[in-house]
Amino acid sequence: MAMSDRLLPLAHTPERATSETAVTKVILIGIAVLFLAAILFLPLVTVFIEALRKGWGTLFESFADPDTLAAIRLTLLVAVIAVPFNAVVGLAASWAIAKFEFRGKNLLLTLIDLPFSISPVISGLVYVLLFGAQGWLGPWLESHHIQIIFAVPGIVLATVLVTFPFVARELIPLMQSQGTSEEEAALTLGASGWYTFFRVTLPNVKWALLYGVLLCNARAMGEFGAVSVVSGHIRGLTNTMPLHIEILYNEYNFVGAFAVASLLAGLALFTLLAKTVLEWRFAGELAAASRRH
């Protein structure tokens, strides 16, 4: 009887602990929601409110401005070049790191993470020091009439550098968890290396690849720091949408600035929605692929 009396409080301990944990969760969730509302949702709503402050007509007139159209075209052009390039290179790097052992593997991993470790402004400055008029290769480029800095090639290079890790970092953990048994089985059955890649490796990582591409595209369209350094801020020529927003805002053209900002925010929301839908739709396939080995 004395033993039962001593055990009785212990029997109720998990229930009290669960109750306390639930209260703690509610408090933490409430704090998180309030924080997101103040830091994320409120500024986002403000962007659209300010863009429509003078009506839809003024909003559409802002998009008809030649410099704004040039900024939109340049942003899309840079994304069209940088994102597929990073998708291909990131996929190749992930395949090599996850499926093969080679000397310098850790160095390659470090280089992939390097853009996460340095400021985007420093990334842009590196290209200025390399290809600028006073840079290491500047005089040679100038003598051959090749312009990289303050031109589209420099913007593309800066964007490629800062967005490079997104695809690779989405693929490497999944490929490592899958192992190499399926590829080895395909090679044993006589399949070539390329056939194995396209029929075995790629189908297993296609949704993770798409996630990485979406994230890479969102960063490419919204990049400011590195692009600002190499663009020269030439209106109508080298201004992407983020740079054009800054110029319009500094000129007190608030409606125009928020109009372009609303377009950029809309593209970001579309990317987030697409990523969420893919995660919801194909979460089972990704989990199955990661558990297959």
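For the single chain, residues carry numbers from 1 onward in sequence order.
- Note on Ile245: it clusters hydrophobically with Ile72, by side-chain heavy-atom contacts below 4.5 Å among ILVMFWY residues.
- Screening residues 207-221 for salt bridge (charged side-chain N to carboxylate O under 4.0 Å, His left out), with sequence neighbours left out, gives Arg219-Glu223.
- Residues Leu157 and Val230 are not in side-chain contact: their nearest non-hydrogen atoms beyond the backbone lie 4.5 Å or more apart.
- Within the structure, salt bridge (charged side-chain N to carboxylate O under 4.0 Å, His left out) contacts touching residues 146-164 (residues at least two apart or in different chains) do not occur.
- Taking a 6.0 Å sphere around CZ of Phe102, one finds it holds more than 12 heavy atoms contributed by other residues, nucleotides or ligands.
- A donor-acceptor contact shorter than 3.5 Å links the side chain of Thr75 to the backbone of Met241.
- Residue pairs that meet the salt bridge (charged side-chain N to carboxylate O under 4.0 Å, His left out) test with at least one member in residues 36-50, sequence neighbours left out, are Glu50-Arg53.
- Taking every heavy atom of both residues into account, Ala87 and Leu209 meet most closely at O-CD1, 4.3 Å.
- Annotation: side chain to side chain donor-acceptor pair (under 3.5 Å) contacts of Gln176 (sequence neighbours excluded): none.
- The salt bridge (charged side-chain N to carboxylate O under 4.0 Å, His left out) pairs that include a residue from residues 80-101 are Lys99-Glu183, Glu101-Lys105, where partners are two or more places apart or lie in different chains.
- Judged as a side chain to side chain donor-acceptor pair (under 3.5 Å), and not counting sequence neighbours, the contacts of Glu251 are Arg235.
- Residues Ile118 and Val126 have side chains not in contact (no heavy-atom distance under 4.5 Å, counting atoms from C-beta outward).
- For residues 138-150, there are no side chain to side chain donor-acceptor pair (under 3.5 Å) pairs, not counting sequence neighbours.
- Scored by the side chain to side chain donor-acceptor pair (under 3.5 Å) test, Ser228 finds His233 as partners (sequence neighbours excluded).
- Every residue meeting the side chain to side chain contact (heavy atoms under 4.5 Å, CB included) condition with Leu161, not counting sequence neighbours, appears here in chain and number order: Pro115, Ser123, Tyr127.
- Cluster annotation: Leu77 is connected to Ile148 through the hydrophobic network of ILVMFWY side chains, with a link wherever side-chain heavy atoms come within less than 4.5 Å.
- For Phe254, the CZ atom counts as densely surrounded, since its 6.0 Å shell holds more than 12 non-hydrogen atoms of other residues, nucleotides or ligands.
- Judged as a side chain to side chain donor-acceptor pair (under 3.5 Å), and not counting sequence neighbours, Asn253 has no contacts.
- For Asp65 (side chain) and Glu61 (main-chain N/O), no donor-acceptor pair under 3.5 Å exists by modelled atom type.
- Counting Ile, Leu, Val, Met, Phe, Trp and Tyr side chains that sit under 4.5 Å apart, directly or through other members, Leu215 shares a hydrophobic cluster with Phe116, Phe166.
- Using a 4.5 Å heavy-atom threshold, the side chains of Leu91 and Phe197 count as touching.
- Among pairs with a residue in residues 84-97, those fulfilling side chain to side chain donor-acceptor pair (under 3.5 Å) read Asn86-Thr163, at least two apart in sequence or across chains.
- Although no hydrogens or angles enter the test, the distance criterion places no donor-acceptor pair under 3.5 Å between the side chain of Asn217 and the main chain of Val213.
- The structure places CG of Leu107 at 12.5 Å from CZ of Arg103, a figure rounded to the nearest 0.5 Å.
- Checking side-chain atoms of Ser62 against main-chain N and O of Thr58 turns up a donor-acceptor pair under 3.5 Å.
- Side-chain contact between Ile155 and Thr159: present, with at least one pair of heavy atoms (C-beta onward) separated by less than 4.5 Å.
- Of the residues listed (Leu189, Leu202, Leu187), the one engaging Thr196 in a side-chain contact (heavy atoms from CB on, under 4.5 Å) is Leu187, and it is the only one.
- Following chains of ILVMFWY side-chain contacts shorter than 4.5 Å, one cannot reach Leu69 starting from Ile234, and the two form parts of different hydrophobic clusters.
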